[in-house]
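These values consider heavy atoms only, across backbone and side chains, with no hydrogens, waters or symmetry-generated copies. Lettering follows sequence order; numbering is per chain, from 1. Because the structure is predicted, anything quoted here is derived from the model rather than measured.
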Amino acid sequence: MRWSKSYLPTYKEVPKDAEIPSHQLMLRAGMIRSLTSGVYSFLPLGYRVLHKIETIVREEMNRIGSQEVQMPVLHPGELYEETGRLKNFGELLFQLKDRRGRLFALGPTHEEVVTDIARAELKSYRQLPQTLYQILVKFRDEFRPRFGVMRAREFMMKDAYSFHASQESLQETYDSMAGAYHRILERFGLEAVQVEAESGAIGGDINHEFIVLANAGESVIFRCPSCGYAANDERAVSLGASTLEKESSGKMETVATPGQHTVEEVSGFFKVSPQRLVKTLLYKSGEKNIAALVPGDRELNEIKFAKAIGDPDARPMTPEEVTALTQAPVGFAGPVGLDGVHIVADELLNDYDGMIVGANQADAHTRGVKMGRDFTAAQVARISMVVEGDRCTNCDTGRLKLSRGVEIGHIFKLDVKYSKAMGATFLDKDGQEKAFIMGCYGFGVSRAVAATIEQHYDEKGIRWPKALSPFHVIVTPLNLSDAGTVSTMESIYTDLGVAGFDVLLDDRDLRPGPKFKDAELIGVPVRVTLGERNLKDGRCELYYRLEDRTDVVAITDVVAKVREYYAL
RNA sequence: CGGGGCGUGGCGCAGUCCGGUAGCGCACCUGCUUUGGGAGCAGGGAGUCGGAGGUUCAAAUCCUCUCGCCCCGACCA
C-alpha cells in the first residue's frame, strides 16, 4: 500500500474524548472513527488488524472442528419470549418494530437462534456433538459505552455453540475450546489468564473468562501465586485476611460516635483496623427485610448475596426505609435488636470473637458484640468480596494477588437452559427424548484490537505483535527528490510484496521527522529507512520497533533479513 | 438512569463572567527553498460558534428549551 494514496490519517495531538491508551492510539493512528457513542467505523489500518485477528480465530476454531456459519443479526422478538430473556436482557437488548408492529431485536448473542436451528435438524444422539461458530457484529445497548471499541454498543464477536448428548462430551468440547483460546491468545502475543467467573445474563453455572492483563482493563481478578487458583472478583472466594485483628467480646458497650458514618471514620474514631467493624447492609426482598453482615474492610458481593437469599431482585433499602427500620440515619445500622429482619452473616464472621457494629440509634456504635450471643444470624454464607492478600481457599498457603485486565473471552457450560426452554430435544441411545446439553463460547474480536494495544504500546505509539501488525514492513524513503532513493524504494517495495509481506510504502512528500513519528505511531515492527548516506554504499537501515534496534544492511539483503525476522 | 464536565474550521484550544459581528497552534492548498527525527519564507482556502426559540439596535457571549459527546457509578465479548 502506498501511503500517499491511502486513507491513513494520523493525529499528532491526543483527541480529548479518549481516555485510555488504546482508544487514544486507535484514533491517533487512524484505525477507527466514532460515528456516535459506542459505534465505530474501522478505517483501513484498523480493519487490517481486525482481519488478522479474525483469521487467527477462524484457524483455531476450524482446527478444533468447530464449523463456521452465519446467523442473522435481526431476531424476532418471540424467540426471546421463549427463553424469558426479553426481560432478562432487558434494556441491553436493542429492540425495533417492523412495519406491522412486530417486535424484533438486534442480536446481542445467538443462543436462541442457534438452538432454533438445532431443534429443527438434530434429532439423534448419532448426530452429536456439533459445534457451530460465527464471527458477526453484535448489538448491546450498554448502559455506558466506554473506552472506544473496548466497550461498544456495536462490536465484533466470535461466538460458538455446542450441542451434546452427555456431560462428558460437553466437557471435551469445553476443554478444547479453552485450549483454542489459549492458542489464539498466544499467537496474538498476549499475556492472558483463564479465571473462574460468574455467568451473568448468559446463564449456566460452570464458566471461565479469559482476561488479558492490562491496567486499563475493567475486570478485576484474583490469583494465588502458590497453587494457581484464579477467579474474577465476583466469583473469587478466600479464607479471609491473612491476619485478623480480634475485637474482644468481653462486654457489649454502646459508645457515642457523633458524626461518624463511614467505616473509615468509625475505625479512625475507635483507633482500630476497619476489619474489626462489621457493616450491616439492609436490603428489601419483596416485602422481606434482609440484613447482610460483612467485615468492615470488604464490600458485599451482590451476586453471592442474591444466590444466598435466593432472590436476584433484592435491592438495597432506600434511606427512608433504613431510617424507618432502624430508627437511625443511614450509617448506624447494626444487627443487635433488629426485629423482623432476616440476618445473613458473612462466613468470615465465624472467625470473629467480638465486633463493632452500628447501634441502631443516631451517632452511636456498639462494640464487643458477639454473634450468637447478642444477635442471631438466620443464615451464614460467603457473601463478601475477596481483597488482595487474602488466604487462598484452594491451598491455604498462598496469598491472593489482585490484577486488572480486559475480558477477551468467556466460555460457558449452559447445560439444558436454552434447549429445555425451547424444546430442543433429541433421541438418546436409550430411546429417551432429551434436551441438548449445550455450551457457548464468546470471544471479543473488536475488543481484542484494543486489548492488544493496551498490552503493547509505549510513549511513541503502538508496538504491534508480529502476528497482528497491519503491515509487516514500512518502507520509509527520506528524500523523494533524490532519484536514487525513489528507484530503490520502488524495487524494495515490489520485492517485499512479491516475497509475501504486507508492505506500507511511505511515499508522502514529507520530511524525515514526521515519517518516523508516524511509523512509530502506527506501530509497524520493521521499518526500512532509505537515506542517501546509506544508499550511496548500496545499503539501507532496518529499524526493529519491538526490539528498538537498528541494523544497516545491503539493499540486496533486505528481503532476506525481513524474512528471517518474521520466521523467528 | 443518577452525579459531574464539555460542544467555537479536520485536530487541540482561546474568546463566554463583563453583548459590539470570530481568533491562535497544528493540519490543508499554491510557490520557492529544505530533506536522518513533527522545516523556513511568502501567499491562500476553510467555521450557520451543536440545534430551536427568546431578550436586545446588536448574541459565540444573556434567558428558556432541546440534541450530542466525555468522565464517575449499576452491565458484559
Would you find more than 12 non-hydrogen atoms of other residues, nucleotides or ligands less than 6.0 Å from A:E91 atom CD?
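No.
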
Would one find more than 12 heavy atoms of other residues, nucleotides or ligands at under 6.0 Å from atom CD of A:E299?
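Atom CD in A:E299 is not crowded, with 12 or fewer foreign heavy atoms closer than 6.0 Å.
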
Rounded distance in Å - CG (A:L92) to C1' (B:C1)
14 Å

Work out which heavy atom in A:A214 is nearest to a heavy atom in A:E454; give both atom names and the distance.
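The answer is CB-CB, 3.8 Å.
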
Where the side chain of [X] is defined as all heavy atoms beyond and including C-beta, which of [options] is the nearest nucleotide?
X	options	result
A:E407	B:G36, B:A77, B:U35	B:A77
A:P15	B:G38, B:A74, B:G12	B:G12
A:R28	B:C70, B:C69, B:G38	B:G38
A:R533	B:C76, B:C11, B:G36	B:G36
A:E13	B:C71, B:G38, B:C11	B:C11
A:R140	B:C76, B:G38, B:G37	B:C76
A:R146	B:A77, B:C72, B:U35	B:C72
A:R511	B:C75, B:U34, B:G36	B:U34
A:D17	B:C76, B:G36, B:C70	B:C70
A:F516	B:A77, B:G38, B:G37	B:G37

For a 4.5 angstrom cut-off between non-hydrogen side-chain atoms, does A:Y441 reach A:K158?
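Yes - at least one pair of side-chain heavy atoms lies under 4.5 Å apart.
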
Phosphate oxygens OP1/OP2 of B:C69: is one of them under 4.0 Å from a side-chain N or O of A:S34?
no

Please confirm whether the shortest side-chain N or O distance from A:R144 to OP1 or OP2 of B:C72 is below 4.0 Å.
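Checking B:C72 against A:R144, a side-chain N or O does come within under 4.0 Å of OP1 or OP2.
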
B:C69 to B:C11 separation - P atoms, rounded to the nearest Å:
15 Å

Report which part of the nucleic acid [X] touches: base, sugar-phosphate, or nothing (heavy-atom distance under 4.0 Å, all strands).
X	result
A:K16	sugar-phosphate
A:A451	nothing
A:F143	base
A:S37	sugar-phosphate
A:D518	base
A:R33	nothing
A:E541	base
A:S446	nothing
A:G409	sugar-phosphate
A:V14	sugar-phosphate

What I want to check is whether an N or O donor and acceptor connect the side chain of [X] with the base of [N] at under 3.5 Å.
X	N	result
A:N534	B:G36	yes
A:E520	B:G38	no
A:R151	B:C75	yes
A:E532	B:G36	no

I want to confirm an ordering. Mapping A:C540 and A:G148 to their closest nucleotides on RNA chain B, which one lands closer to the 5' end?
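Nearer the 5' end of the strand: A:C540.
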
Closest-nucleotide mapping onto RNA chain B: is A:I408 or A:G531 further toward the 5' terminus? I mean the 5' end.
A:G531

Which label fits A:Y47 and A:H51: parallel for a plane angle under 30°, tilted from 30 to 60°, or perpendicular past 60°?
tilted

Parallel, tilted or perpendicular: which describes the rings of A:F443 and A:F188, with under 30° parallel and over 60° perpendicular?
perpendicular

Run the salt-bridge test on A:E186 and A:R183 with the 4.0 Å N-O cut-off and return the result as yes or no.
no

